[in-house]
Every structure is written in structure tokens, then in C-alpha cells.
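Here's the structure we're looking at; comments come further down.
Naming convention: chains lettered A, B, ... in sequence-line order (proteins, then strands); numbering from 1 in each chain.
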Protein chains: 2
Amino acid sequence: MDLTTAEENYLKAIYHLSDGGKKSVATNDIAAEMKNKPASVSDMLRKLGEKEVIEYRKYYGLQMTESGKRFALQTIRKHRLWEVFLVEKLNFAWDEVHEVAEQLEHINSALLIQRLDSYLNYPKFDPHGDPIPDEFGDVRARPRVHLNEMEINQTGQIVAVKDSSAAFLRYLDKVGAYIGARIKVLDKVEFDGSLEILVDQKKTLFMSKDVAGNILVQQS
Amino acid sequence: MDLTTAEENYLKAIYHLSDGGKKSVATNDIAAEMKNKPASVSDMLRKLGEKEVIEYRKYYGLQMTESGKRFALQTIRKHRLWEVFLVEKLNFAWDEVHEVAEQLEHINSALLIQRLDSYLNYPKFDPHGDPIPDEFGDVRARPRVHLNEMEINQTGQIVAVKDSSAAFLRYLDKVGAYIGARIKVLDKVEFDGSLEILVDQKKTLFMSKDVAGNILVQQS
DNA sequence: ATTTATTTTTAGCTATATCTAAAATAATTT
DNA sequence: AAATTATTTTAGATATAGCTAAAAATAAAT
């Protein structure tokens, strides 16, 4: 069974809004996420129900089926692999990749994705630090802590940022706090929660509690 | 003005069938090339006429406009750049790339194509030896000769093959006669036209007139 | 120069994916 | 509990891109 591009996009939106198929999702919220009208969503939900990628009872909401989750994860996998390609090979900036990956994720070729994965050396995380599902849809989720919650002398690796506005990403780029950077908390100021951070065993960096609250770290 | 994927595919087909916009093309031939029905083609020609990428007088055939040629060349450029990527970076075989490139050519991002071009080191020819138009649609066409028409001691570079059946491509791969290979005609047998070829100043190779007739060489 | 055959176009239908406006259902408030 | 509000669905459009069957125009053959 094959899905259209539109169906893939709906499934992906539903997957994200439902927190991986755990929660129920409102028609209105899907419409907001997809930037279209609730009436269009209702229609699509009926179709997705017929294809059995969701279980749909009208007026009562929906549940993703196992099949639906697999499809969503495949699309997410492709999106994130392409993001890695764009950043690592074509030197795109973090904030330039989304639009293009949004198109590339719908290219249909199992061989292409296998080869791309291999070419990129089987990355486990995308440039924003989000995990890349493997070909079976398995995700190796790492425990994450907000940087502002870490204690002095604790170490880890930056794995994600919460605020992905262009301005914030530019700031991070400037200070060298890229995804994958190894960090160590050197000092913490009591009264405002600001931090002194060692980045990649070289640069030290002062950071406000607010900024640190937007950075996720895998502790090690 | 933007074109849909279907419109891009029609323009590309028309460009090829009309030999770069020079000849007129029959509705039936477009239908055959696109594997759909003449009625569908008529309809699309009307639309393409309205968008002024072709000049269309019903029953009388069509002419590509300058705008139409530019669009077609951009699509061809993207297709061939992706083919280079698939073969050189992802290790696709010559006969595996077409289908996937057919999808990738419709990805819409000027930046992506610029970066891809740069990443591939501004290739001038695709893996089949067909020229890649530059971003302005200019094509550096090289004079080509069939290998069987070359004389003893003449040299050149293989730029294309006419028969692109998987069997033929496998044969060429096996004997090392890939696109770009530098060749020299060492000897020519009078009575059957078969040739002795030096490939890349290393291997010598015997080749029937028939095989040589399917290989195009840029003389140098 | 008619007739016949071929090619091309039109008319009307189907499917996808969107929309607006109205109707139906569920949730909230008084 | 009834009325009001919010959410969701249906009904009926529109646009794209294909189809079949029939009509119209052009080309070929007698």
C-alpha cells in the first residue's frame, strides 16, 4: 500500500501532535499545524481511516495504528537523513534545511535511502539533535537534561535546541555551541542561574539561564 | 511563474521530441512518450499555451517559446546533476539512476541546485555522457563521432552510449569503457570494421564494429 | 474530388486535495 | 436542564490531471 504526499504529511503531523501516537489529537489542531481548514482535515481523516493507518471514529478523535506509526517514522527518517545531508555535505545552515527536506522526504526509493544512510555514515541524530529512526522505525532515544539543570563539573553533549528561531541558531553558531559539541559546566552563578561552560575542551562561554533552558544535553 | 510537476514533465518531453525546440511535435508522439492518452495531451497543451511556455495553435502543432526552453533546460539540468550525484556519491549503477532522478528533478530550491553543483565540482556531463546545462541554460555541446568512424591513431574521450540497455552497460563496465575514459584507436580490421582500442593508456580492448557504433567519442 | 483513414480536440466523467457555508454533534455555561 | 458556544462533519464548489467516447479537422488514398 502506498501513501500520497498529502497523506504522508498528515500522518507526520498527527505523529508529532500525538507525541508518537500516544495522545489523541483534535481536528482543529491538525488543521492549524497543516495550515489548512478543519473541513479538509475531516475529509483526510476519513481517507486515512479507510487505509487503516489511523483508527477513526467521527467526533471522537483518532488513534494511530501500528502501520500508521511505521509510515510516519519512515517519513521522519527520510526527512532527518536529508537534513544531515544538506548540512554536512552541502553546507546548509541549520535554519535553511527544513523547507528543502520537507520536499526531499517524499522521494520514493528504498535504495536511495539505504545508500544515503550509508554515505552519511549511519547518523543517529539530525542537525537539530533529533533522533533518526532506523529502517525498522526504532529510535534510540537518549536521556536529555536542560543545560540550566546541570550541576558544576557535569559533562555531556549538546543534542538539541528547543527554540529553533533563526536568531537563536545564529547565536549558537557564533559561540560554537553546535549540536554534538561536548560541554562541561565549569561554574554556576547562584543568584541568576547563569553558567560558565567549557565547549569542546577549548573555549569557555558564559550563558544566561534563559539561553541554557533552551539547550538539551545528553549527560555522559 | 511556477510550473507543476506534470507541466515540467510535459515540457521536458516536448524539448526532447522537438530536438531542443527546433522541430514541431505531434500530440500523438507526446502521448506515446508520456505514456498517456492524446486527449490528455491536448488539454495540457492548452494549459502550457496559456502559461506561454509554448505557442500553441490547435491542429497545427506547437513551438516552444524562449521561456519554455529555459524551463525545460532547468529541469534537464537538475535531472542530470542528480544523476551525477547518485552515481558518483551514492554508487548507483548507470542503469539504476533514471527513476530516482525523475523524482529528484522536481525538487524546488535554487540554493540546493547551486550547492549540489558545487559539491559535485561543476560537472559538465552526466553519467551517460549527456551535457549538463549551466544555470543560464547554456550547453557546452562537444562534437561527437561514433567510435567505429574513427581512424587509427586518433584519440578522444567516451562521452555517451546510444544503446543504454542494462546488458550493454554491464558489458562496458566490465571492459572498463566507462564515460570519460580516454581512448586511442590502435588498429582497425579492414574486412569486418572491428577495432583495437587503448583505454586510459593501459588496457587494450578488441571491439566489434557493432559495439563501437553504439559508443560516442569526443575527439581530441 | 470524394471517400477513407488518421490525428487532434472537445465533452463529460473520475479521483485527489483543497475550499466555504451550513448542518450536526459535543462541551460549556448559566 | 436548557441555552449557548465550540468543534467537527457534511454538502457542494474549484483546480489539477488523468480517462473514454464522440466530434472535428487534417491527411491520404482511390
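- Distances shorter than 4.0 Å separate none of the side-chain N or O atoms of A/Tyr59 from OP1 or OP2 on C/dA23.
- For B/Leu62 and C/dT8, the CG to P distance is 10 Å, given to the nearest whole Å.
- We find that CD of A/Glu8 is positioned 15 Å from C1' of C/dT16, with the value rounded to whole Å.
- Just one residue in the list A/Gln74, A/Glu102, A/Glu33 forms a side-chain hydrogen bond (donor to acceptor under 3.5 Å, both in side chains) with A/Lys12, and that residue is A/Glu102.
- B/Lys69 and B/Glu66 are joined by a salt bridge, as a carboxylate oxygen and a charged side-chain nitrogen come within less than 4.0 angstrom of each other.
- Salt-bridge formation is detected for the pair A/Arg46/A/Glu50: a Lys NZ or Arg NE/NH1/NH2 atom is positioned less than 4.0 Å from an Asp or Glu carboxylate oxygen.
- Checked for salt-bridge contact, B/Arg77 and B/Asp117 meet the test: a charged N lies under 4.0 Å from a carboxylate O.
- The separation between B/Lys58 atom NZ and D/dA23 atom P is 17 Å, rounded to whole Å.
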Where protein sits on nucleotides 13-19 of chain D, one letter per nucleotide: B base, S sugar-phosphate only, - none, heavy atoms under 4.0 Å: ---SBSB
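- Using a cut-off of 4.0 Å between Lys/Arg side-chain N and Asp/Glu carboxylate O, A/Lys47 and A/Glu7 are scored as not salt-bridged.
- Look at OH on B/Tyr60: it is 13 Å from C1' on C/dT8, rounded to the nearest Å.
- Regarding B/Arg57, its CZ atom lies at a distance of 14 Å from the P atom of D/dA25, rounded to whole Å.
- Using a 4.0 Å cut-off, some side-chain N or O of B/Asn28 falls inside it from OP1 or OP2 of C/dT8.
- Rounded to an integer number of Å, the gap from A/Ile30 CD1 to C/dA17 P is 15 Å.
- For A/Lys162 and A/Phe168, the positive end is not near the middle of the six-membered ring at less than 6.0 Å and at most 45° from its axis.
- Within the structure, a side-chain polar atom (N or O) of B/Thr27 is placed less than 4.0 Å from OP1 or OP2 of C/dT9.
- Rounded to an integer number of Å, the gap from A/Tyr56 OH to D/dT7 C1' is 11 Å.
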